[in-house]
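We name chains A, B, ... by the order of the sequence lines, and we start the count at 1 in each one.
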Amino acid sequence: MSWLLILLIGLPAAAGTALALAGAKADRTAAALSVVVSALVLGAASAAAALRPSLSAQFLAGSGFGLSVDPLSALLLPAVAGVAFLVLLYAAASGIGTPARFHGLMLLFIASVLVTVTATTLSALLFAWEIMGAASYALIGFHWRESRRVSSGLTAFVATRSADLGLYLAAGAAMAAGAWSGDAMSLAGLDSLPGPWRDVAAAGILVAAVGKAAQLPFSFWLSRAMDGPSAVSALLHSAAMVAMGGYLLLRVQPLLAATGWAADAAAWAGAATAVVLGFIAIGQQDLKQLLAASTAAQLGFVVMAAGVGDAAGGAAHLMAHAATKSALFLAAGAWLAALGTKKLSDLRGVGHRWPLLGGAFTVAVLSLAGIPPLALWATKDNILTAAREHSFPLYIAGLAGAVLAAAYAAKAVALLWKPMLPETASGYDAEETGSRTVTPWQLVPIGVLAACAAVSGLLVLGTTGDIIRGVLGSKAESSLLELAVSGLLAAAVLVPLWVLGGKLPPLPGALAWLHMERAAHIVLVRPVLAAARSLARFDDAVLSRGVERAAKKALQGARSLNRADGALDHGTDAAAAATARLAGRSAITDHTIDGAVSSLARTVRHAGAAARRPQTGQLHHYYVQAAAVLVVAAVLLIVVR
Amino acid sequence: MTLQLVLIGAASLFCVGLYGALSQQVVVMVMMGLELMLNGVILAAAAFWWFLAPAPDGQVLLLVVIAAMTVEMAMGFAVAILLHRSRQTDMTEMASDLSG
Amino acid sequence: MPEAVLFVVLAVIAVAAGVAVFRTDSMARASYALAVSFVAVGLMLLQFRLEYIGVITVLMMVMEMAVMAIFMIMFMGMNPALMPMDMVHSKKLSAGAAIGLFLLLTAGILLADWPEGRSNAGGDLTRSLGEAIMEPKMLVMLVISPVLFATMVSALVLANPHGRYSAYPLLPAEDADDDGQGHEQGQPGGSGGHAAHGMHGTDGGSGTSDGHGQHHGGGGHQ
């Protein structure tokens, strides 16, 4: 059955890679291809949810690459695939510059999300986690010609990446603790790690998930991420990427439970986020910023659910929130494309202009507020119930978060149906030139998502809720009283604010998201850069100087060798000259010897010539000679003897 | 008649003969000089024999000298005749074939 | 003493005669002077009681002078006019050599330390000489005899006008009046004996054949 998983993941991955690499050549077919592929992925995800395949392969030493569809991922796979399909449909309908690159990156992102959802080992998770981060950077900074968008993408990427170090820490702890068996880094086995390693792993995973889910104190990156296209916001920052932070915590919820402090930390972090970001959302004036803050707040509920051990409620909330928020983001994107603005005050009265769109937006907003019988009301209450069982202050905090959700939801929708003021139109085309149209194909995905947002409450209510709870092993079930109380509370907050036009006194600093980004800069960015600069100075002053000195020494050595060689050459030349002189002298000697020899020869020749002279042939000459010789001989004889 | 006296006489004869042998151009005259030299040699030999060793056996030497003189005479005259026959001359200059 | 005087007289005669040989102008007289010199030496030998040898010397030399006179006249012709003949060459050198040698010899004779003379020879010297020749000194005789014989033979051979070979038949007729120079025209063969014995390499032709009989006695004088 693993071929299904391979198909599920390989199809978007291959299609996305092909589209991204093909570039401008594939622009015409990109949108259609991506819609088709995402439809196929939806089908495969549904099949996988039914068939529960699993797959494992060799990856690293001591850790395999494991994918499998268990009950939790069986719930989320179709949801994520469905939202992805609808978002891609909207993107195809609304159009975007360089569609091939866009759709290619989106498909790649979807493939990595699917791997994250089905991963069973930390190495597979890390693998997909990183690809998600890289794709989000590329997608947020999609309109790269505007440097602000690119720097937003960089901020988002670096913030989440810094948080991801926790995941590496957890992986290291798991590897250090576990034996080098294939199961060493499985997510399921994390809660069985020995004492300190388990705490380290829990802390690491907590930090990573909190960073990815834009909880406090990492929430600032979500604000910056709103610079990306609306489809990106709809998929990444509502349904897929930030949701994966919550999903990770849901998956390792046994580990959190095993290490007691981690569960409490997660729960309180979620609750705090829900409250604080609720206030921040109220203070926003930009629709997308408001929605971003509400995303973080809602995900706080999911994190709280993981902390209190309510996996079913958390998963249901995740799915319901995905549908709701993506519908809201897509509508905001449609208005941005049509009117060129996303400021709440400039969107006054837009509901009348495009009623269907306005209606869908309203439905989703009501769900966000927690108005019964819409989805988020039910799932939120499930979580609150579980929280109440865990600790009452937590329940109160969650309730406060719910109230604040109703408030900012009211703010979002309040001006929509109000009649337009004359000065409203002057704010149009502030960010881009609007097309003043909303195509029907843009409406379809929004409508579908709004409808899902309406009915998702069934995930926790009724028979389906029981099934899910049974499958995921959760026990929390909201009582009717709780449901009623929360619904009334939400309505009580929502209606007056709506009527009042959403005017609320904001928390000081809320507009600037409590300056979290600046705080992160001061706390983290500046020290790191300062350290890097001092290290660079150290490198320049000490290390490279050392290298330069070594080079200089080598050069000096070479020069002295050169001088020695020159001296050697000198010596050789002198020796050669002396040898030449000696040779010359020997030549002279030779000459002298030659001269002596030749003079000797000459003398002998002369003597020979002279020897012929006595031979005159004259008799008397011979007699004289004979007489002389005889006399000399006789005298010699007499003298000697 | 001492040895020295006789020997001086022999020496004078020898030297006269030497003068003749060296100075004469005609072959026969040269031979006459040679005769005189041998004359002196005979005299000197006789003196030596008489004064120093008058054994009878010593006379044989004189005979030998005389025989040598004879042979020399004969061959010399034969050669002179030949020279005359071939070159129509009796001058020693004409017989300078050994010059080289 | 009288012996000494006799000896001195004879010595003077010998030397004078010797000098006279080279100073006379006539050939005959030169020969006679030489004969006189030899006779004086022979007489001196007789003084030494060398009778045999002395007599032999005298006899032999007289005969030899006679022959020599014939030869001299044959080669050089009579000089009836007794014209002065000065056929010498390098007179000074030879005189100087002779005088030098005489002085040297005299010095040697006078200065040499002659050993003591023995007693005079006694007995019959001739007889003892004969006995010496025949017995202890037989070898001398044995050597001298063949030498003398060889001399005779070779002299005859050399002097023979025909040489050893008969006349070459291809010898062409020679001109009646050719001058005193030799036939240098390279006649083949010629008197083969002359060609063989004469060893006159530079001459192409042989010497005169006896057919001419022209003895250029006086021709070669100048």
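Taken from OG1 in C/Thr57 to OH in C/Tyr52, the straight-line distance is 10.0 Å, to the nearest 0.5 Å.
Contact count versus chain B (heavy atoms, under 4.5 Å) is highest, among C/Leu34, C/Val140, C/Leu105, for C/Leu34. Taking B/Val64, B/Thr2, B/Leu13 one by one and counting their heavy-atom pairs under 4.5 Å with chain C, the maximum is reached by B/Leu13. The residue among B/Ala78, B/Gly58, B/Cys15, B/Ala10 with the most heavy atom pairs within less than 4.5 Å of chain C is B/Cys15. In terms of heavy-atom pairs under 4.5 Å with chain C, the best-connected choice from B/Ala67, B/Ala74, B/Gly20 is B/Gly20. Heavy-atom pairs under 4.5 Å with chain C peak, among B/Ala68, B/Ser12, B/Gly9, at B/Ser12. In terms of non-hydrogen atom pairs under 4.5 Å with chain C, the most contact-rich of B/Ala47, B/Ala11, B/Gly40, B/Gly17 is B/Ala11. No other option in C/Ala112, C/Ala11, C/Ala30 has as many heavy-atom pairs under 4.5 Å with chain B as C/Ala30. Among the candidates B/Ile42, B/Val79, B/Thr70, B/Leu36, the residue making the largest number of heavy-atom pairs closer than 4.5 Å to chain C is B/Leu36.
If you measure heavy-atom distances from C/Glu64 to chain B, the contacts under 4.5 Å come from the side chain alone. Residue C/Leu45 touches chain B through its side chain alone, counting heavy-atom pairs closer than 4.5 Å. Contacts between C/Ile109 and chain B at a heavy-atom distance below 4.5 Å involve backbone atoms as well as side-chain atoms. Contact annotation for B/Val27: neither backbone nor side-chain heavy atoms come within less than 4.5 Å of a heavy atom of chain C. Using a 4.5 Å cut-off between heavy atoms, C/Met68 contacts chain B through both its backbone and its side chain. C/Met60 touches chain B through its side chain: at least one heavy atom from C-beta onward sits under 4.5 Å away, while N, CA, C and O do not. Both the backbone and the side chain of B/Ile8 come within less than 4.5 Å of a heavy atom in chain C. Heavy atoms of C/Val143 lying under 4.5 Å from chain B are absent altogether.
Ring geometry for B/Tyr19 versus C/Phe22: interplanar angle over 60°, hence perpendicular rather than tilted (30 to 60°). Taking the six-membered ring where tryptophan is involved, the planes of B/Trp50 and C/Phe48 are tilted, since the angle between them lies from 30° to 60°.
A 4.5 Å side-chain heavy-atom check between C/Ser128 and B/Gln59 finds at least one atom pair inside the cut-off. Looking at C/Leu129 and C/Leu125, their side chains never come closer than 4.5 Å, going by heavy atoms from C-beta outward. C/Glu131 has its side chain within reach of C/Arg127: a pair of non-hydrogen atoms, C-beta onward, lies under 4.5 Å apart. Contact annotation: the side chain of B/Met69 never approaches that of B/Val41 to less than 4.5 Å [non-hydrogen atoms, C-beta and beyond]. The closest side-chain heavy-atom distance from B/Val6 to B/Phe51 is below 4.5 Å.
A donor-acceptor pair under 3.5 Å is formed between the side chain of B/Arg85 and the backbone N or O of C/Ala159.
For C/Met63, the CE atom counts as loosely surrounded, since its 6.0 Å shell holds 12 or fewer non-hydrogen atoms of other residues, nucleotides or ligands.
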